[in-house]
S.K.: 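Got a structure for you, questions after.
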Amino acid sequence: MRALGLGGAGIGAAALIAPTFHDLDELTGSNQAGWKRPWYVKERDIGNPTIDIDYTLMERFDGRQQGQCAHTLAIYYGDARVLAASGLGSAKNAQYYAANANGYLLKDRALAAGANASSIGRFTDQFGWAGRTSAGAPAVVYPTGPSTANNTSAAQTPAQMGVPKWTGTPEEASQMLRAAMRMYGATLVGYSEIDQNWRDHIAFSYEKNNCNSNSFIDNWPPPQNMSGARPIVFEDVDLAYETTSKLVIPNKQLWEVSCSWQGSNELFRRAPAWGSLANRDTFMYCQMTNGCTYNFLQALGYQMMGIIGNDATYMDSGGPPAILSGVGEASRQKLYTLTPEYGAPGRLYSIGTDLPLAPTKPIDAGMYRFCHTCHKCANNCPANAISQESQPSWDIPSTNGIPWNFTVKGTKAFYNNTVACDIYNSESGGCEICWGVCTFTVNHSALIHQVVKGTIAQTSMFNEFFFKMNENFGYGQKDPDSWWNLSLPVFGHDTTIGASDGGYRSGGR
Ligand code: SF4
Ligand code: SF4
């Protein structure tokens, strides 16, 4: 109604009614600067997401032993099968290429090669863990050599500029950082305070670095001088730093920034042929966001620790902070976190900072509850890696009597057999089917999907009906060749998601 009043009164009246902001600080401090979610998303109390957590069961996960690690895979499948797996997958892909199979044509391979140019780890390592190689060193781009050109990437600190560091309320800082990170490529940005539970249970105990390598399949724990994997430790220092033997987080008040980078529905729907491309595509935006955010915080006078877009060096697995800060909810496919805005296709990373931020709350959009009756990802998983249980459990599953050592304890979860997933991916040349077929991987602007999502958030009564309806409508995998004739937004996904200003959609859709 207010909009009608504006239209009738003309631009002169609009100027009288519209708020006037004089600078960025005033804008970010306004009560219009909040994070607008879809109308049906309910906030929950801090520390109380829709998945149950028991910190007495949860241990800091050792990033060296993830399901992609050759040593971990060999525990369940034996050395011979693990060592042969990627050769099998490459041979399968070579057959598809030779046969000019649908989705494996030269133009398809070129598309994947293009996305791979800014893939895992590229450009991110020049900013390092926190830009410092010792506790007292000034913030610089790390490593400083051999390319001195890297140094020109570092922003000046306020001291170097001769100005005081930025100050403001946590709410102003939160909106300011989210606005900047969205401009740099992040889609959803949530915050939590780094507390003792995070330090004792959620933070990785080790980075992964090169531990996936076949070199360590029977050489465990991997020698640090060969794997490069360093422990993540806490010290009484003011500034985070790294050396060749450790990654250091200060024992002081810190905040975690959890981000999701939206993936492309249309790429994920073309898995398995384009599964790897769909997976790697999101790294492009992560790469941009990493250096830009590092410099943004440095120019404000604050530090960033952790690396966005580098799978070798995580602060944590990305899922817990995303769930605890309300970026998304847990899912049956434990590897991905479901967001109300775009469901499964998104990439998570988190960073630490000493810029005081206002924590955002866990959410309930009915998505985790929906997973209890929807089994679509599990039904479509060729490796049977996704749980078919009807209820989540505290108990860690086993394979051949060997408990899964690659999954985190302490959440009442549906467990995902990531080693089964990984060896299937290696032996078959790729997958990612579950992301594209997820019931929540739908096109966002269609009103019917908003109505269904809104209903799911309010009641579970129709969940089974919606699951069957989705199956009957045949949403999910598509012919790869049909992608080339689509007219998609820039970057191949809807970049207006989360935008509610500037003449785009309203209501945070
Ligand atoms: S990527 Fe493929 S194998 Fe792995 S969990 Fe998803 S559907 Fe299953
Ligand atoms: S396909 Fe269904 S069960 Fe699987 S993650 Fe998506 S909503 Fe949950």
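The basis for the numbers below is simple: all heavy atoms, side chains too, and nothing from hydrogens, waters or symmetry mates. Just so you know, ligand 1 is whichever comes first in the structure, and atom 1 is the first atom listed for that ligand.
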S.K.: Measure the distances from the heavy atoms of Y336 to every atom of ligand 2 and state whether one is below 4.0 angstrom.
M.R.: yes
S.K.: Counting from 1, what ligand 2 atoms have a heavy atom of R332 closer than 4.0 Å?
M.R.: 3 (S)
S.K.: Should the pair R37-E341 be classified as a salt bridge under the 4.0 Å nitrogen-to-oxygen rule?
M.R.: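 Salt bridge between R37 and E341, a charged N being under 4.0 Å from a carboxylate O: yes.
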S.K.: Counting backbone and side-chain atoms alike, is an N, O or S atom of C434 positioned under 2.8 Å from atom 2 (Fe) of ligand 1?
M.R.: no
S.K.: Under 4.0 Å from a heavy atom of K376: give me the atoms of ligand 2 that qualify, with their elements.
M.R.: 1 (S)
S.K.: Between R270 and S482, is the side chain to side chain donor-acceptor pair (under 3.5 Å) condition met? List the steps.
M.R.: CA-CA 9 Å; R270 283 153 179 88; S482 64; 2.7 Å; yes
S.K.: Going by the order shown, which atoms of ligand 2 are within less than 4.0 Å of some heavy atom of F440?
M.R.: 7 (S)
S.K.: Between F491 and Y285, is the ring centroid distance below 6.0 Å?
M.R.: yes
S.K.: Exactly one of D311, T282, N290, T289 should register a side chain to side chain donor-acceptor pair (under 3.5 Å) with Y349. Which one does?
M.R.: D311
S.K.: Between Y206 and F61, is the ring centroid distance below 6.0 Å?
M.R.: no
S.K.: For ligand 1, which atoms have a heavy atom of C431 less than 4.0 angstrom away?
M.R.: 1 (S), 2 (Fe), 3 (S), 7 (S)
S.K.: Go through ligand 1 atom by atom and flag the ones less than 4.0 Å from a non-hydrogen atom of E432.
M.R.: 1 (S), 2 (Fe)
S.K.: Is any N, O or S atom of C421 under 2.8 Å away from atom 6 (Fe) of ligand 1?
M.R.: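 Of the N, O and S atoms in C421, none lies under 2.8 Å from atom 6 (Fe) of ligand 1, which means no.
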S.K.: Under 6.0 Å between the ring centres of W435 and Y336?
M.R.: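 Yes, the ring of W435 comes within the 6.0 Å limit of the ring of Y336, centre to centre.
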S.K.: Going by the order shown, which atoms of ligand 1 are within less than 4.0 Å of some heavy atom of C381?
M.R.: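 Answer, ordered by atom number: 3 (S), 5 (S), 7 (S), 8 (Fe).
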S.K.: Can you sort out which atoms of ligand 1 are near P382, meaning under 4.0 Å from one of its heavy atoms?
M.R.: 7 (S)
S.K.: Which ligand 1 atoms, with their elements, are less than 4.0 angstrom from a heavy-atom of A383?
M.R.: 3 (S)
S.K.: Please round to the nearest 0.5 Å and tell me the distance separating atom NE2 of H201 and atom CG of D316.
M.R.: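 Nearest 0.5 Å value for the NE2-CG distance: 14.0 Å.
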S.K.: Counting only heavy atoms, which portion of I386 has something under 4.0 Å from ligand 1: side chain, backbone, both, or neither?
M.R.: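 The answer is the side chain.
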S.K.: So that I can tick it off, tell me whether E427 and R81 are bridged by a salt bridge, with the cut-off set at under 4.0 angstrom between side-chain N and carboxylate O.
M.R.: yes
